[in-house]
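Okay, structure first, notes after.
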Amino acid sequence: MKLNMEKLITRKEAAKLLGISIATLDEARNSGLISYIQYVPNGCVYFTDAGLQEYIAKSTHRAKPMEKKTTYRNVRNSK
């Protein structure tokens, strides 16, 4: 049986790749938003590229269309 070993990403590397702080990454991990690998209790925590991609997908929201104004210019109050 051949294992497909994916490169493990450290907390520091993962936070940098995602553009978030390590504290935010830990919060996401503790709340179950991002999957991680930890071989022994209280040991080092690692992430995979697939896990980071999944987290990005969960955190991505569709843009909402802007409300259209009836006019393109702002009308000033007359004196």
Side-chain angles (χ1 to χ4, degrees):
M1 173 157 108
K2 184 179 177 187
L3 293 175
N4 183 11
M5 293 298 289
E6 203 175 345
K7 180 187 179 301
L8 297 179
I9 302 165
T10 65
R11 288 167 62 235
K12 186 177 180 179
E13 291 171 330
K16 187 176 180 181
L17 286 168
L18 293 170
I20 60 177
S21 68
I22 292 175
T24 301
L25 180 67
D26 287 341
E27 190 177 310
R29 179 173 53 89
N30 292 331
S31 61
L33 291 175
I34 189 167
S35 57
Y36 63 97
I37 297 167
Q38 189 174 29
Y39 294 111
V40 293
N42 299 321
C44 292
V45 172
Y46 300 99
F47 300 90
T48 61
D49 187 51
L52 298 184
Q53 294 293 338
E54 185 181 310
Y55 174 71
I56 291 169
K58 285 181 192 174
S59 303
T60 302
H61 305 283
R62 290 186 69 88
K64 294 178 183 161
M66 285 180 51
E67 290 182 27
K68 293 183 179 177
K69 292 183 179 181
T70 54
T71 178
Y72 289 105
R73 63 185 188 93
N74 293 328
V75 180
R76 293 185 186 162
N77 293 335
S78 58
K79 292 183 180 177

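Atom OG1 in T48 sits 5.5 Å away from atom CD1 in I37 (nearest 0.5 Å). The distance from the CG atom of N30 to the CG atom of L25 is 9.5 Å, given to the nearest 0.5 Å. In this structure, OG on S21 lies 15.0 Å from NZ on K16, to the nearest 0.5 angstrom. Separating the CG atom in L8 from the SG atom in C44 is a distance of 11.0 Å, to the nearest 0.5 Å. Here the straight-line distance linking atom CD of E13 with atom NZ of K7 works out to 4.5 Å at 0.5 Å rounding.
Counting all heavy atoms, side chain and backbone alike, Y55 lies closest to L33 at CD1-O, 3.6 Å. Contact detail for I9 and D49: the closest heavy-atom pair is CD1-N, 3.7 Å. Nearest heavy atom pair, residue I34 against residue G51, reads CG1-O, 4.0 Å. When all heavy atoms of S35 and F47 are compared, the pair lying nearest together is O-CD2, 3.3 Å. Considering every non-hydrogen atom in both K12 and I22, the closest pair reads CA-CD1, 4.0 Å.
More than 12 heavy atoms of other residues, nucleotides or ligands sit less than 6.0 Å from atom NZ of K58. For E27, the CD atom is loosely surrounded, since the number of other residues' heavy atoms within 6.0 Å does not exceed 12.
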